[in-house]
Trainee: 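The structure under discussion is supplied below as structure tokens; questions concerning it will follow.
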Amino acid sequence: MPSPERRFPPGPGRECPPVKTVAVAEYRPQDIEQKWQRRWTETRAFEAVEDPSRPKFYCLEMFAYPSGHAHVGHVRNYMIGDVVARLKRAQGANVLHPFGWDAFGLPAENAAIKNNLHPETWTRENIAHMKGQLQRLGISYAWGRELATCDPEYYRWNQWLFIRMYERGLAYRKRSSVNWCPSCQTVLANEQVVDGGCWRCGTPVEHRDLEQWFFRITEYADELLSAIDGLSDWPDKVLTMQRNWIGRSEGTHVAFPLLDATGRAVEDIDVFTTRIDTIFGATFVLLAPEHRLVEEFARASSDPAVFKAALERFRAQDRVARMSGEVEKEGFDTGRVARNPFTGEAVPIWVANFVLGDYGTGAVMAVPAHDQRDFEFARKYGLPVTAVVQPTEADRDAAPAGSMPAGILDGATMAAAYDGPGTLVASGEFTGMRADAGWQAMADRAEREGFGRRAVQYRLKDWGISRQRYWGTPIPMIYCDTCGIVPVPDADLPVVLPKVVEFSGKGDSPLAQIPEFVNAACPACGGPGRRETDTMDTFVDSSWYFYRFCDARNDQQAFDPARVAYWAPVDFYSGGVEHAILHLIYSRFFARVFRDLGMVTHDEPFARLLTQGMVLKDGNVMSKSKGNVVDPDEMIQRVGVDALRMYVMFVAPPEKEVEWTDAGLEGSYRFLARVWRLVAPLTGALRGETAGWASLDLDGDDRALRRKTHDTIRRVSADLYPRVHLNTAISALMELVNDLYAYGEKTGWLRVGRRDDEAEVPSIERAATKAVVKEAFEALVRLLAPFAPHMAEELWERLGHEGGIVAAGWPAHDAEVARAEALVIPVQVNGKVRARLTVPADIDDAALEAAALADPHVRQHTEGKTVQKVVVVKGRLVGVVAK
RNA sequence: GCGAAAGUGGCGGAACUGGCAGACGCGCCGGACUUAGGAUCCGGUGGCCGAGAGGCCGUGGGGGUUCGAGUCCCCCCUUUCGCACCA
């Protein structure tokens, strides 16, 4: 990387170039920043206590996985949150802005295996380093509430909550086919499988049958879904992703009797369909390769070996081929038949590779005429296709052009499935009904006659939380041969992770290797018992940490409900979109569990969510492996924290991805240095009271500067919250600074831009100038404080104020002062701007119209035409229509 | 394939409900100050025509609504993200 270092002034540790006179206003960020960071730490400036007399504001950034070093991509999020926290503090809110560590997880264990370092050592060292980084960034955290999820004081309450959930049937054990990553040697949740591969290493996922612990999140599926509508301050994108993830669909279970060779019904095959209205077109039944009956059919088939080979192929295909996208639809005839309960006809039963074993019942009725997948399957294997929904003329008229198939649908000739609206045909007693009405009528009949029932199906699965890993929360359960599964009594919590373990990296849980851990007396009968050796998914840790922050040192309970009632819900939560589904849906689930335990009073834990964009370097995401990380400490060395913060927030809106550029960073440094040169030399001269506005004689320039000052206050305040348009807020500050330079030049007090040896301490004699400059500076410094807190504190102090800049409050904008005296109004003739009129701000419409029509440029374009209409938009524009 | 978002100067980006497109910054050009400038201050900077006043064009492409469209509607192209057999 080319070093632009020499373009910056020397830091404290570096040598100064020979200059004749040291400039009065040399900006030395490092000195200032260390001074203020020390002071903030000493005064515990950002700690918070409940105070019912003040409005609270809970500002939270997603806590960090302590991977080692934070790069600017990570810290962007903390900077965004810090601006909001500092703003809200200045505006008088009681702000809770805590930070902590999502400290359990695989990388620590992998590092242990690789470097023979205990996961705890690795984790604690990383935390120490990253905490130092964040402190050097001047993020205003209440460090007194710091927590790490690997602290027994924290994970104890994971265990406590687990037992509460177990008692309520929300935590349960089941044997199930789970995702297994052969590389990480662990089970993965469905959510951790990305495109058929492990979310961390990408290795294709295999399947294994294991006894696992699950959280019954599906119990809350409907509520989690419907409450999404109330999350008005979340990005739509995230809400859509959550809706899709939950995947609610309304349909009907229908029993298709399985027939034996004699045509007698032996048992029912339960299928789930959302299109019962098309059931008269259900010409075959499809089973997933994992379906319960398939093995039985295989055994009973004429050639079990061939049957089973095909099954195995499908199951393997499922995981490997699926990753590459389209999988060719394949299947085979089981030779068995079932009866369509509506038509009474016998339909063949096939096994198909595209039917999912873990959704619905693993069996579907195939309606090839009206479902594209079934259609392709039917055409491939020559299965019958019967159209039972026909679009009417009215349907065709209502549909977008070209979207309807031509002619009457005929199963024999149609080229694709039809899933649009229409009227039922060939559907027995339902023929002639509209399809949607038929849907209800058929579901009614199925329910009435007892072979079906309406049901809601979710794509969301229960959350498997067992991990065959060491570095996580031990699941607080004991297996006793006489008593069965027994929870560890609350009094015995936490079940502490033993320190000494062999890290073999093998498949079994490392805890299972430690007899002292495994062997435990049964809490119920006192007899010999075995501890659960799996640990919890780390998403458990992160699903409620925001409540713990409200009462981080409580050793009696997870948190005091009263404290949480004061602080929660989180008012402003920011983090990466990568957590749009998992972390956020689990947290919403836990909030409801705590609610149902009577510990929190709200439903939703995060009132507002902001998903911040990533920081790219050379078009790529920063990562250690790519070697393109930008180290914040390095940047701090070069330009100081304030410039780094400024740059990251100025370069783009927070939600957007940004490309890191050193040139941009330099620009932000220049801006701050420009502020410094402007304000610092005058701080002495501006101390103390100035005369009241009424006694001052302000000229046009003075009034213009005041106007700019107050307009800037308005703009910055409006941009910062709730909009969080940090970049435009900064540009408003830059405009104010530019105007101050121009004003300073004009009124003669500006002392920058001269040669160093001309530097002198400036002063302002004229009372009016002094007053407007002081007002502007004090607004500027306070408006700057959320972005560049160190410089702002320093300048504020030099301006003669004690007690810190937060105590000074947020500047108030005076609409009267901010109001323009004159406006420049563009005049359009037939849509084109032909003149700009400078008019008094309070001009009435008639006068404005008259002035517009009288303007020579306007007349030039209306000459020889008739003015047909004049549109006056107050304070904005005049539009003239001339023909 | 389905869904969503987004396409604006050389670059990052402004433009809140239809009302002066390009704020602010980077870069570049010029000037001042200077032994020097890579510091600083001032000015310029969408394209084309013009000495100038000014004019024409211009927000991915094409159509439309409107006195007026970056913004609204329709079609198309591109990019990014999400979901990808959920019956």
Trainee: Which part of the nucleic acid, if any, lies within reach of G247(A) when heavy atoms closer than 4.0 Å are counted: base, sugar-phosphate only, or nothing?
Mentor: nothing
Trainee: Please report the distance, rounded to the nearest Å, between CD in E330(A) and P in C85(B).
Mentor: 16 Å
Trainee: Both distances under 3.5 Å, Watson-Crick or G-U wobble: report the partner of A6(B), or none.
Mentor: U78(B)
Trainee: Would you say the rings of W245(A) and Y458(A) are close, in the sense that their centroids are separated by under 6.0 Å?
Mentor: no
Trainee: Quick one: what's the B/S/- string for nucleotides 2-18 of chain B, heavy-atom cutoff under 4.0 Å, read 5' to 3'?
Mentor: ----------BSSSS--
Trainee: Across the strands shown, which category fits Q828(A) at heavy-atom distances under 4.0 angstrom: base, sugar-phosphate, nothing?
Mentor: base
Trainee: Among the nucleotides C24(B), C41(B), A87(B), which one has an atom lying closest to any side-chain atom of V355(A)?
Mentor: A87(B)
Trainee: Kindly point out which of C83(B), G19(B), A87(B) is positioned nearest to the side chain of I581(A)?
Mentor: C83(B)
Trainee: What N/O pairs connect the protein and nucleotides 44-53 of chain B at under 3.5 Å? Give each pair on its own line.
Mentor:
none

Trainee: What is the nucleic acid contact for V870(A), judged by heavy atoms within less than 4.0 Å: base, sugar-phosphate only, or nothing?
Mentor: nothing
Trainee: Side chain of K329(A): nearest nucleotide among C41(B), C85(B), C24(B)?
Mentor: C85(B)
Trainee: If I take atom CZ in residue R834(A) and atom P in nucleotide G68(B), what distance separates them, rounded to the nearest angstrom?
Mentor: 14 Å
Trainee: Determine whether a donor-acceptor pair (N or O, by modelled atom type, separation under 3.5 Å) exists between the side chain of D374(A) and the backbone of V367(A).
Mentor: yes
Trainee: Do F284(A) and Y381(A) have ring centres separated by under 6.0 Å?
Mentor: no
Trainee: Say whether T728(A) and D719(A), considering side chains only, have a donor N or O and an acceptor N or O under 3.5 Å apart.
Mentor: yes
Trainee: Check this one for me: any side-chain N or O of K832(A) less than 4.0 Å away from OP1 or OP2 of C57(B)?
Mentor: yes
Trainee: For C41(B), which nucleotide is its Watson-Crick or G-U wobble mate, given both distances must be under 3.5 Å?
Mentor: G31(B)
Trainee: Go nucleotide by nucleotide along RNA chain B from the 5' end; which of M365(A) and A742(A) gets its closest nucleotide reached first?
Mentor: A742(A)
Trainee: Between U71(B) and A6(B), how far apart are the C1' atoms? Round to whole Å, please.
Mentor: 14 Å
Trainee: Between C1' on C85(B) and CG on N353(A), what's the gap in Å once rounded to a whole number?
Mentor: 9 Å
Trainee: Scan T661(A) against the nucleic acid and name what it touches under 4.0 Å (heavy atoms): base, sugar-phosphate only, or nothing.
Mentor: nothing
Trainee: Looking at R836(A), does any N or O in its side chain come under 4.0 Å of the phosphate oxygens OP1/OP2 on G19(B)?
Mentor: no
Trainee: Think K329(A) forms a cation-pi with F354(A), using NZ or CZ under 6.0 Å from the six-ring centre and within 45 degrees of its axis?
Mentor: yes
Trainee: Which one, C56(B), C20(B), A87(B), comes nearest to the side chain of P826(A)?
Mentor: C20(B)
Trainee: Using the rule side chain to side chain contact (heavy atoms under 4.5 Å, CB included), only one of T218(A), D358(A), I217(A) pairs with K461(A); which is it?
Mentor: D358(A)
Trainee: One thing to verify: whether R670(A) and E666(A) come together as a salt bridge, which I'm taking to mean a side-chain N less than 4.0 angstrom from a carboxylate O.
Mentor: yes
Trainee: Output the single nucleotide from A87(B), C67(B), C26(B) whose closest atom is nearest the side chain of F272(A).
Mentor: A87(B)
Trainee: Taking only the side-chain heavy atoms of V871(A) (C-beta and beyond), determine which of G25(B), A23(B), C67(B) contains the nearest atom.
Mentor: C67(B)
Trainee: Mind calculating the distance between CZ (F671(A)) and C1' (G27(B)) to the nearest angstrom?
Mentor: 19 Å
Trainee: Over how many whole Å does the gap from L740(A) atom CG to C41(B) atom C1' extend?
Mentor: 15 Å
Trainee: Please tell me which of the listed nucleotides, G82(B), C42(B), G27(B), lies nearest to the side chain of M241(A)?
Mentor: G82(B)
Trainee: With rounding to whole Å, what would you report as the distance between G54(B) and G60(B) at their C1' atoms?
Mentor: 31 Å
Trainee: Please tell me if R670(A) has a side-chain N or O lying less than 4.0 Å from either OP1 or OP2 of C26(B).
Mentor: yes
Trainee: Tell me whether R674(A) forms a cation-pi arrangement with Y741(A), defined as NZ or CZ under 6.0 Å from the six-membered ring centre and within 45 degrees of its axis.
Mentor: yes
Trainee: Taking OH from Y741(A) and P from U40(B), how many angstroms apart are they, rounded to a whole number?
Mentor: 9 Å
Trainee: With sequence neighbours left out, write down each residue that passes ring-ring contact (aromatic ring centres under 6.0 Å, His included) with F272(A), or none if nothing qualifies.
Mentor: H253(A)
